[in-house]
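Below is one structure, written out as structure tokens; comments come after it.
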Amino acid sequence: MPYQPGHEALHRLPASVAPGGTLLVAGHDPGDEGADYTGYYRPDEVARVLGDGWTIRVHECRLRTRPGPEGTHHTRDVVLRAVSSGGEPAATR
């Protein structure tokens, strides 16, 4: 998700998931060669705006199980999977 002035989309993201719903965010591991998050939110930034109404089930770096397209050097991805219980997002507290 691209950065926005005021980070409005980032702060509204948790409210866009229904109670009991799952939020899944994945991206290249910032430590991988060529990974560049300039202008984009990382999964850890999304995790920080989740409030008490969220249970983070997965937030880890995973090795890819298949090779990427020719010319890419990415071998790991960061995965964030969280489940909403419908509580108040951290951004509004």
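Because the structure is predicted, anything quoted here is derived from the model rather than measured.
- When ring centroids are compared, Y41 and H7 come within the 6.0 Å threshold.
- Contact annotation: the side chain of T22 never approaches that of R57 to less than 4.5 Å [non-hydrogen atoms, C-beta and beyond].
- Under a 3.5 Å cut-off, the side chain of Y37 and the backbone N or O of H28 do form a donor-acceptor pair.
- Two residues are said to be in side-chain contact when any heavy atoms from C-beta on lie closer than 4.5 Å; V25 and V78 fail this criterion.
- Under the 4.5 Å side-chain heavy-atom criterion for Ile, Leu, Val, Met, Phe, Trp and Tyr, V83 and L24 are members of distinct hydrophobic clusters.
- Follow the hydrophobic side-chain contacts under 4.5 Å out from V17 and you reach L10 in the same cluster.
- A heavy-atom distance below 4.5 Å is not found between the side chains of L80 and V58.
- Within the 4.5 Å cutoff, the side chain of R76 has no heavy atoms near those of the E60 side chain.
- A heavy-atom distance below 4.5 Å is not found between the side chains of D77 and R62.
- Here the shortest heavy-atom pairing between S84 and A18 reads CB-O, 3.8 Å.
- In this structure, W54 and L23 have side chains that are in contact, with non-hydrogen atoms separated by less than 4.5 Å.
- P14 has its side chain within reach of V49: a pair of non-hydrogen atoms, C-beta onward, lies under 4.5 Å apart.
- Side-chain atoms of R42 and M1, non-hydrogen and from C-beta on, never get closer than 4.5 Å to each other.
- The OH atom of Y3 lies 3.5 Å from the CD atom of E45; values are rounded to the nearest 0.5 Å.
- Put simply, the side chain of S85 gets close to the backbone of G53: a donor and an acceptor are under 3.5 Å apart.
- Closest approach of P43 to A26, counting heavy atoms only: CG-C, 4.3 Å.
- Remark: Q4 engages no residue in a side chain to side chain donor-acceptor pair (under 3.5 Å) (not counting sequence neighbours).
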